[in-house]
Every structure is written in C-alpha cells, then in structure tokens.
Enquirer: 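Following this message is one structure expressed as structure tokens.
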Amino acid sequence: MPDTASNIPDKPSLDGIEARWMQRWEGDGTYDFDRTATRDEVFAIDTPPPTASGSLHIGHVFSYTHTDTIARFQRMRGKSVFYPIGWDDNGLATERRVQNVTGVRCDPSLPFDPGFVAPFNGDVPKDHRAIPVSRPNFVSLCHDVIHDDEQVFEQLVRRLGISIDWSLLYTTIGQRAQRTSQLAFLHNLARGEAYQQDAPTLYDIDDRTAVAQAEMVDREVPGAYHKLAFHRRADDGTAGDGDLLIDTTRPELLASCVAMVAHPNDDRYKALFGTTVRTPLFEVEVPVLAHHLADPDKGTGVAMICTFGDTTDVTWWRELDLPSRALIGFDGRMAADTPDWITTGGGRAAYEQIAGLAPKQAQRKIVEMLLETGEMLGEPRPITHPVKYYERGSRPLEIVATRQWYIRNGGRDEALRNELLHRGQDLRWHPDYMFNRYQNWVGGLNGDWLISRQRFFGVPIPLWYRLDGEGLPLYDDILIPDDGRLPVDPSTVCPAGFTEDQRGKPGGFMGDPDVMDTWATSSLTPHIAGGWVDDPDLFARVFPMDMRPQAHDIIRTWLFGSVVRSHHEHGCLPWTDAAISGWILDPDRKKMAKSVGNVVTPLPLLQEYGTDAVRYWAASGRPGADTAFDAGQMKIGRKLGTKLLNATKFVLGFGEPPDGAAPTAALDKALLARLAEVIDESTRALDGYDYARALERTEAFFWWFCDDYVELVKGRAYGTQGDDEAHSARAALRRALEIIVQLFAPFLPFVTEEVWSWWREGSVHSSGWPAAAPLASIGDVSLLDPVSEVLAAVRRAKTEAKLSQRATVDRLTIEGPAVTLAALEACRTDLAEAGGINEFVTSEAAALVTAVTLTPSTDSTAAH
RNA sequence: GGGCGCAUAGCUCAGUUGGUUAGAGCACCGCCCUUACAAGGCGGGUGUCGGGGGUUCGAGUCCCUCUGCGCCCACCA
C-alpha cells in the first residue's frame, strides 16, 4: 500500500487532471478490449459514428457521456467492454463539405485529371462558380478533406474522456466498411432481399439523386390553389358552363396531366366517369376516372392526375393503369422537346413557352398563359401546405421514374413487416416508450428501402451489367464479383471474364454507376466494428451486441436499418438494448442545431469547468429526455469534484487504521448499511441504463456523508474518544469513501481517478464495482435520520441566535419515542461533540421535540 | 387525421408498486474565516403539483376529460 501522506497534495486541484490521466490510461491500456473474453464476459457497444466533418457539438458530449457511464459501469463490474468508435465519412454530407471547402463539383462525364489541384482550401469566395471535376478527382479530394477533418475530430473526442478503445477505430468509407457493406448487399441480393426496379421515385433535383422515405421530411411551405377549367365540349376554347373545374397547387404540371379523378360516390361527377375532357392550353384529351382516394372535400372534388406531382399521383397512375407523361427531368427542368402527346398547334406552341424551364418559372409562365386564355378562374388563392423535401435539401422533391436498388424492409410485405415489428418489440428500449416511434415508423412504411444513390463518395454498388449488341445495358443480366474481390469499384475494375476494353462496348459490360445510401453502410456498424468480414473470432465474441446508444431522431434510419440488416443476415436483433438519448435544447427550449445557429461548442466549456463537470451536467439529463443546456449544472459538477478532492484529503488525513480494524460504533455501521442501499439502487439504475438516477443517489449520499456523518465523527476520528473508537471511525470513513469514489467513477472519471491514486494502486476504473451484500446487514440505518434531525435542530438554534456553529450548547433536551431515543443514545457522544453540547437530556414522548439552550457568550472560550 | 412525450418553488428538475407535513440544486436572504473545503460551511422563505371530474380510508402518483407546449408519423390534388 502506498504511503498515504506523501501522495496527497497540500492544495488539491482539478486543474490539469484531464491531460494527466488521459495519458496514463492510454499508456496503461486501461480501456483496451480484452479479446480473449468470451461472449458472456463481454459488454459490446455499437457506438454511433459521428460525421467527422465539421465541429464537435455539445450534443456529442451529452449522448457520448451517457454511453460512457454505462461502459465504465460494465467495465468496473468485470466485463470486457467492446467500445469502438467510427467516423461516418461517406455520403452526401462529406460531398457537400468538400464542395464548400474546395470550390469544385463532381461531373462524372469528365475524364480523370491526374494533375488536378483544388482551387481552394477553406475560404471559397461567395461568387466562385464551382469547378467541375471528374469522379476520381472528386473522390480523391473527399479522401483528403476527411483525412484532415478526422485528425482534428479525434483530438476533440479524446478530450471528452470517453473510455473507448481507440484501436477499434473505423470509418464508413474505409476498406473494411466497404467490404462489409458490399458483402451484406450481395448476400441480400442472393437471398432475394435486394432487388432493382424502374419506378417513380422521389428525387432531389439539386443533389441529382433518389432519396429514401426515411430521409424525407415534410415542410410547410407557401403555395396557392389555381382554379383551372378543363373543357367537356370539343369546340370550347375558354372557360364556360360546360367546363370541369379543378383546383391545383401545381399548374406547371398541366402538360403532364394524364387523367381526372373524383370519388366513385360523388354525385356531382358520376355522370362524367368514362368521358374525356380536354386540358387547357395543351388541348390534350384525358379521361375522367373514379378512385376512392379522391377526396370530395378537397378543392372542387376533382383532381388532375399528373405524372408525377405527388405520391398520390403515383398510386393513381399505378392503380388506374395510366400512361406516363413525365416532363420534369433529372435536372429538375421541363423537357426541352415538346412531347408527342401534345398534338394541336396551339398546345405545342404553349409548351414551347415552358420548355426547359425550372418548375417555378414554368408555373409563372403557365399562369400567365392561362390568364390570357381565360382558362384560369380568379386569382391564385395562397395557402400553406406540407411538401416533401429531402431532409438536407432546399427545393421540393420531384418524382421521376428511374431504375433503383431496394432492400426489402416490410414496406411492401405484411409478413416481413410483422417480423420486424416483433424484432423491435423484443428489443429492450430505454426509455421503453421509444418503442412507439419504431412501431409508428414500421407501421407507416409505404415502400421498400431505396438504397441506391446517384452520388460519388460512397460504397459502390458492386455490380456490372452486360451490354447488348447495341451497347445498351441488360439490367437483368447482372455480373457479380466474387466475395474475395471485395471491395470493388465497378467503374474502375472489370468483371471476371471481361477485359477493361469491353467496358461500354456492345456485348461488353458497364459498371453500376451508383453508390449505396450512407445508411446502407452504417446500418452495419456492428458488423464493421466487430470484424464480420475479416475477423470471425472477434465477431463471435461481440455479436449480437449489448447496447445501441443513439438519439431518437434516427430510430427510423439507423436503428431500423440495423434491425433490418441483422434480421436478414442473422435472423436476430443486432443488440439486446437500445439506449435512446434526447436532444440538447438551448435556453429558449429550441433544439440546438447547426441550421438554427444556436449550437454551443463544448471546448470552451471543457476548459472552463473541466470535463468531469460537463459530464456531470450531461449525466443529469434523464434518459431520452430533451435537456436544456445549463452551465449552472456544470458549476455544480465542478463544485462536486472539488468537494471530492477535499473530502478525500480530509478522510485520508486521519491516518490509516491498523490492520484488521473494523467499524464497531453503531453510527459507523449504520453509515455502511445506508451505503449498501445506495450501492444497490445505483447498481439497479445503471443496469437499467438510468445513469441519471444512479448519479443522483450517489451524489445525495455523498453530500449527506460530508455534511452530517463526517461532522459527527471527525472528533472521534481524531481520537477524542479513545483509540478503538477512532479506529472504528477511520475504518468506516475509508471504506465509505472508497465506495463513494467507485460509485462516482462512471460519471467523474478524472477526479475519481485522481483521488483514488492518493491511496490505492491501479485505476479506479478497473477496481471493481462495490457489492452491497457484505454491508447490507452490518448496521441499522434507522439510526441516521433522528441523528441528522437533531444535528439540524442544534445548527438551526445557533443560526437563529446568530451564533457561530462553534458556539456551545448548555443543554439539549430531547423528547421522543423510545426507538428514536435509543438511536440518539447510540450516537450520544458523537452528537455532543459535533454540536458542542454540554448537557444532553432525553425523555420519552410521542413525537420528537428538541429544545436547545445556548450559552449566551460567543467568545472563543465557547469552543471545546 | 393517428401516435408519443412533457406540464411540480422565480429557474433547472427529482418524486420508484398510491401512504405522514411534496423534495434537491440554482437564485434570493441571514449567520459563520469552524483544526478538508470562503471557489467554503450552516440555516431560512418560497408551491391551487396545468384545469375539471372520478376511483380510494388516502392521489403529485391510478382512470376519464379539457388546455397549453414539444416531437414523431400520415395519400399533402
């Protein structure tokens, strides 16, 4: 055992402890995963890989702290903790960052330029027009930028004191992640869980890619109803009695109109079903049809069906077997050539007016023309309505028919949907009501998971297609790489049995140009981190994992995607428990988000209050609860750390009790018995992922320990009542303090390690978790409340008399029930010393009543 | 339209299967340099537990209902 006195600093301080202990932990491998541990000895965590681009956010500190408290708890109780970290660096977020930082954009039609150098590195002028570069050049730039970003980001994350094993670091664009992602996809393909389909798809015209249902958001935006007249009589050119009137918010799609629709029971329109009407301006005959989705209360009760204005149009188009007259292309503009379904001279002339325009311009032009012909009635009536956007997008999604890859997720298959619902039900959710979001999402799926993206910096879809005699792709004639060749980039590698000069040639092949959605890779984080593709021994020790920590907003993406992949691949859940943390709200209770501009960066906070104090704030946030940013809580955390330093110094300062000394005094034994209750509660709370409760219980106990218990026994510990009594107090103080430090260790890793080092060998973080059982029956906790109550009464009397707490009490009379008096009697001498009480009289009564007679003099002789 | 969460002191929040007089910290006020800590300690005031109804010997807690706030989802013409 180290020499106690020499290890305790004269003036304990929190300053600089982070750097000191982080270095030590790194050197000692304190958080290294022991890969000889078997699955039941392992606690495996599927840590969220943050986007390394950009800066660290206070929300990272918040949720990563929550996970870390659980990791540290499990480690202390003897588990080998598998605690990896990764950077989610593939995908559109990185592409955008690279565009913003370097001033380029990707144009895959361009050839590779080996000598290309990015025009900027950071400060791109506002009026700069992005320079188009080839795909290989662009991807190479992406790698450069994320490499730099990740170096910076790692240093920031390390500053948080999270007990991750840095040797397990992965990236979602890394070779292992790409192999994992491609192999899982090929397995899905082989089992029929992945398929391609040419169908109307929600498409972002700015990013030029399809997006998945999970990445769409509704935004309330201004729009306007336009009342348009469709003509029932062939000779009618302007609005008249015979016209069929509709309301539309998207008059620019008029040229794509394929039919009109009303509810089958709508008496106003029953007679028209089966007839045709002629569209305004373009003079195209379209049928009037009946469908139950038509809402008689909306607009005029008749809608025009366009290919495609919204997802209802898609439904109608499919169910009513309508032709496709799509005009908005991948660039978001109206087709340049006048379509052949517009046949009249007037119609074709009208279309020429809008050819090549973006939707908004086209709308303006169409309205202008309609007003001229009198086919629009009245003014547009402004409304606000929900419109689908890509969650990162700035213009509404359009619907474009394209060939895409999908993974089955129950969106089109009731049986699979139910299986996945059951998986979600089997997962233990913390807090449990978060399951509702999963259920809600799975229940509301309306299609399979679209995983292909027409982007560049991602995991390529590892497939080629044979080309026919004219050089056109035979999408059903898929060429699949052997597992051993993964990861492959089909745009640079050629399929087995072909040579590179057959690329793009008739009878040759072409690579799939798309990459996979970033979630298609990150849904495999347990597989990537666990070495599914290249380390089956490791994978068997960690999978299925124990804990998936994440925020509630990505249940529909990351969590659900992971469940889908694991269900398909292994027929099980990827983890047993999902710990869902909330968001950080700013002081006005708005969500902190980069887009809102109210983000707090944690570094200054870590510097001002210390990592432990910031963690204290984070750990005070209830699981799943959105929590207000509160620097006040950090101050309290700082105070708590300081108190722990001082209390430890004081307790150790009494000196070490002799070997074999055990708590014998009733008060000391009661203390340990109460501590057993705290251990028990804290353990149960952490077992249930309720770190906040565990911290609160430990903290409340600690302050009581300092304020009452230490004050009561410090005289005795100094030896005022003799050696045996002193040894009992010292033994109890040390035992309690040791356990308190252990109970705090998951929350305040630095200060606990600091004080632990003053009298113990090794790290507190591998010192084991305290057991309640040996202490539980040591003493009688019921002693403690009466003693605290009397102590408070004495203090109150002194305060009310405006005396120092050192003032002497002449006489303390206590009336109370026999059990209470017995409790006080057991601690009589400690109470008398702590309160400076000369005479201490008790008598039996129904209720506890304390009377304090103070010595009038406040001079220094009042001290004992 | 469907679902979920929240509402307790001026502020941030605890309050476990219903159980004495509803708690903590911050803030505020007062006292105290006391042999760990003045960047500290001790003590104090503060509540229609969102409104209404019900179950119960007993409701902050359970049930119904209403209101407000937030979030998720939905076929949004």
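Every chain is numbered from 1 and lettered A, B, ... according to where its sequence line falls, protein lines coming before strand lines.
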Enquirer: Identify the nucleotide, in any strand shown, that forms a Watson-Crick or G-U wobble pair with C57(B), with both distances under 3.5 Å; if there is none, say none.
Expert: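 WC or wobble partner is G19(B).
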Enquirer: Under the salt bridge (Lys or Arg N to Asp or Glu O under 4.0 Å) rule, collect the residues that match up with E699(A), sequence neighbours excluded.
Expert: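 By the salt bridge (Lys or Arg N to Asp or Glu O under 4.0 Å) rule, E699(A) matches no residue at all.
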Enquirer: Any strand counts, and the cut-off is 3.5 Å on both contacts for Watson-Crick or G-U wobble. Which nucleotide pairs with C49(B)?
Expert: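 In the structure as shown, C49(B) has no Watson-Crick or wobble partner.
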Enquirer: Run the ring-centre check on Y718(A) versus F654(A) and record whether the distance is less than 6.0 Å.
Expert: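 Yes; F654(A) has its ring centre under 6.0 Å from that of Y718(A).
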Enquirer: Taking the same atom, C1', in C75(B) and in G2(B), what whole-Å distance lies between them?
Expert: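 Going atom to atom, C1' in each nucleotide, I get 14 Å.
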Enquirer: How are the rings of Y689(A) and H430(A) set relative to one another: parallel (under 30°), tilted (30 to 60°) or perpendicular (over 60°)?
Expert: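 Because their plane-to-plane angle is under 30°, the rings of Y689(A) and H430(A) count as parallel.
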Enquirer: Rounding to an integer number of Å, can you tell me how far F650(A) CZ sits from A36(B) C1'?
Expert: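 Roughly 6 Å, once rounded to whole Å.
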Enquirer: Does the pair R638(A) and D15(A) meet the rule for a salt bridge (charged side-chain N to carboxylate O under 4.0 Å, His left out), with working shown?
Expert: CA-CA 11 Å; R638(A) 179 84 180 177; D15(A) 294 330; 3.2 Å; yes
Enquirer: Of R622(A) and K714(A), whose nearest nucleotide on RNA chain B comes first from the 5' end?
Expert: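 Closer to the 5' end of RNA chain B: R622(A).
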Enquirer: With respect to the side chain of A628(A), which nucleotide from C42(B), A36(B), C13(B) is positioned closest?
Expert: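 Per side-chain heavy atoms of A628(A), the pick is C13(B).
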Enquirer: Under 3.5 Å, is there a donor-acceptor pair linking the side chains of W704(A) and S788(A)?
Expert: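 Yes.
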Enquirer: Taking atom types as modelled, find out whether T799(A) and Q805(A) have a side-chain donor-acceptor pair closer than 3.5 angstrom.
Expert: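 The criterion, which ignores hydrogens and geometry beyond distance, is satisfied for Q805(A) and T799(A).
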Enquirer: Under 4.0 Å between any heavy atoms, over every strand shown, what does C306(A) touch: base, sugar-phosphate, or nothing? Just pick one.
Expert: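 If one applies the 4.0 Å heavy-atom cut-off, C306(A) turns out to touch nothing in the nucleic acid.
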Enquirer: Taking U55(B) as the reference, what is the distance to G60(B) when you measure between their P atoms (whole Å, please)?
Expert: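 Comparing P positions in G60(B) and U55(B) gives a spacing of 16 Å.
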Enquirer: When the P atoms of C63(B) and A59(B) are considered, how many whole Å apart are they?
Expert: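 Taking atom P in both C63(B) and A59(B), they lie 15 Å apart.
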Enquirer: Taking the same atom, C1', in C13(B) and in C49(B), what whole-Å distance lies between them?
Expert: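 It works out to 13 Å between them.
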Enquirer: With a 3.5 angstrom cut-off on both distances, give the Watson-Crick or G-U wobble partner of G40(B), or none if there isn't one.
Expert: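 Partner of G40(B): C32(B).
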Enquirer: Taking C42(B) as the reference, what is the distance to U20(B) when you measure between their C1' atoms (whole Å, please)?
Expert: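 These two C1' atoms come out 27 Å apart once rounded.
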Enquirer: Measuring only the P atom in each nucleotide, how far is G58(B) from U67(B)? A whole number of Å is fine.
Expert: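 It works out to 29 Å between them.
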Enquirer: Would you please name every residue forming a salt bridge (Lys or Arg N to Asp or Glu O under 4.0 Å) with K643(A), sequence neighbours left out?
Expert: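 Listed in chain order: nothing, the list is empty.
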Enquirer: Using whole Å, what does the distance between atom P of nucleotide C32(B) and atom NZ of K798(A) come to?
Expert: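 Atom-to-atom, K798(A) to C32(B), this comes out as 14 Å.
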Enquirer: Could you check whether Y438(A) and W429(A) have their ring centres less than 6.0 Å apart?
Expert: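 So the answer is yes for these two rings.
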Enquirer: Whole angstrom is fine here: how far is it from CD in E220(A) over to P in G1(B)?
Expert: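 E220(A) atom CD is separated from G1(B) atom P by 13 Å.
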Enquirer: In this structure, how many angstroms lie between the C1' atom of G23(B) and the CG atom of D785(A), rounded?
Expert: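 The answer, rounded to whole Å, is 14 Å.
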Enquirer: With a 4.5 Å limit on heavy-atom distance, are the side chains of K227(A) and T300(A) in contact?
Expert: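 In contact.
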Enquirer: Between U12(B), A36(B), C42(B), which nucleotide gets closest to the side-chain atoms of T799(A)?
Expert: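 So the side chain of T799(A) is nearest to C42(B).
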Enquirer: Between C1' on G25(B) and NZ on K643(A), what's the gap in Å once rounded to a whole number?
Expert: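 In whole Å, G25(B) C1' and K643(A) NZ are 15 Å from each other.
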Enquirer: Measure the distance from CH2 on W703(A) to C1' on C42(B) and round it to the nearest whole Å.
Expert: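 Result: 13 Å.
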Enquirer: By the 4.0 Å heavy-atom rule, please label K639(A) as base, sugar-phosphate, or nothing.
Expert: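 Sugar-phosphate contact only - K639(A) comes under 4.0 Å of backbone atoms but never of a base.
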Enquirer: Please report the distance separating the C1' of G51(B) from the corresponding atom of C11(B), rounded so that it comes out in whole Å.
Expert: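 The same atom, C1', in both gives a distance of 23 Å.
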Enquirer: Could you check whether E699(A) gets within reach of a base, just the sugar-phosphate, or nothing at all, counting any heavy atom under 4.0 Å?
Expert: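 Answer is nothing: E699(A) stays at 4.0 Å or more from every strand.
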Enquirer: Using both distances under 3.5 Å as the test, list the Watson-Crick or G-U wobble partner of C71(B), or none.
Expert: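 When the pairing criteria are applied, G3(B) turns out to be the nucleotide that pairs with C71(B).
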Enquirer: Scan R697(A) against the nucleic acid and name what it touches under 4.0 Å (heavy atoms): base, sugar-phosphate only, or nothing.
Expert: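 Since a base atom lies under 4.0 Å of R697(A), the category is base.
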Enquirer: Just by protein heavy atoms under 4.0 Å, how would nucleotides 71-77 of chain B read 5' to 3' in B, S and -?
Expert: SBSSBBB
Enquirer: Which is true for Q805(A) with a 4.0 Å heavy-atom rule: it touches a base, it touches only sugar-phosphate, or it touches nothing?
Expert: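 Since a base atom lies under 4.0 Å of Q805(A), the category is base.
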Enquirer: Any heavy-atom pair between the side chains of F62(A) and W617(A) that's under 4.5 Å?
Expert: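 A side-chain contact under 4.5 Å exists here.
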Enquirer: According to a strict under-4.0 Å criterion, is Y718(A) in side-chain N/O contact with OP1 or OP2 of A36(B)?
Expert: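 Yes, Y718(A) has a side-chain N/O under 4.0 Å of OP1/OP2 on A36(B).
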Enquirer: Looking only at the side chain of K802(A) (C-beta and beyond, no hydrogens), which of the listed nucleotides A36(B), A38(B), G30(B) gets closest?
Expert: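 My answer, after comparing the listed nucleotides, is G30(B).
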Enquirer: Between U56(B) and G18(B), how far is it from one C1' atom to the other, in whole Å?
Expert: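 Roughly 9 Å separates the two C1' atoms.
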Enquirer: Could you give the CD-to-C1' distance, from E711(A) to C42(B), as a whole number of Å?
Expert: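 Atom-to-atom, E711(A) to C42(B), this comes out as 10 Å.
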Enquirer: Name the nucleic acid region contacted by R638(A), choosing base, sugar-phosphate or nothing; use a 4.0 angstrom heavy-atom cut-off, strictly under.
Expert: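 Nothing, no nucleic acid heavy atom in range.
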Enquirer: If you assign each of F654(A) and S620(A) to its closest nucleotide in RNA chain B, which residue comes earlier from the 5' end?
Expert: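 Nearest-nucleotide comparison on RNA chain B picks S620(A).
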Enquirer: Tell me: CD of E789(A) to C1' of G23(B), nearest whole Å?
Expert: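 Spelled out: CD on E789(A) to C1' on G23(B) is 15 Å.
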